[in-house]
Every structure is written in C-alpha cells, then in structure tokens.
Amino acid sequence: MASTKDTEKKTKKKAVAKKKVAPKKKAAKKKTAKKKAVSKKKAAKKRARKTKEIKLTESQVKFINEKVKSLGSIEKVRALYSLDDNVCKFAVKKAEELFGK
C-alpha cells in the first residue's frame, strides 16, 4: 500500500502536469538571493576601498608636496614612490594633479 506522502506527491505531479506549470523551487530562489546580497556587499566594500581617503599628517603632506614639486615629473615621482602605501598613493596623486595624467 502507498503511504499518504507518496499519494500526495503523485497528486501534486498530476496537477502540475495538467497545468503545465513547473513546480516552485523555493530553495533555488533563496540561494540566488543570498548570492546577490553577498555580491552587493563585496561590491560596496570594493568601492569603499577605492574611495577611502588617504590619511597623512600635516608634516607628511608638506614634505611630499615639496618633494613632488622638486622631482618635476610624474615618471620620476612614480619611480621614487612605487610602493602600495598611503604615502606613495598620495605622492602619485599629487603629481598627477600638478603635472597632468
């Protein structure tokens, strides 16, 4: 004899076949929604990192401004300030402002 669960499954399959409608996939929608939420968070963090303000002391800013002006070109500034830290980023940014990209 068939159990009540088996009977219910068969009844649902027949109803779906008559309507020609695919059964709902709730689990797949939840996973997709979670993936979208995670990707949105990652994108927001990435944008925040790019737009993050470079924080330096006044003495650092003054020294870098003078040094960039004395070097005279973007190429020389990039050669001297080639690391991936706040000082180097600021120096290259300042050189681009002064000498053009």
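The analysis underlying the following values was restricted to heavy atoms, covering all of them including side chains, and did not include hydrogens, waters or symmetry mates.
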With rounding to the nearest 0.5 angstrom, report the [atom1] to [atom2] distance, [X] to [Y].
X	Y	atom1	atom2	answer
Asn65	Phe90	CG	CZ	5.0 Å
Lys76	Tyr81	NZ	OH	14.0 Å
Asn86	Gln60	CG	CD	8.5 Å
Leu98	Glu96	CG	CD	10.5 Å
Ile64	Leu71	CD1	CG	11.5 Å

Surrounding CD of Glu97 (heavy atoms of other residues, nucleotides or ligands, distance under 6.0 Å), is the total greater than 12?
yes
Closest non-hydrogen atom pair, Ser82 against Cys88
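Ser82 and Cys88 have their closest heavy atoms at N-SG, 4.0 Å.
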Closest heavy-atom pair and its distance - Asp84, Lys89
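Scanning both residues, the minimum pair turns out to be OD1-CE, 3.0 Å.
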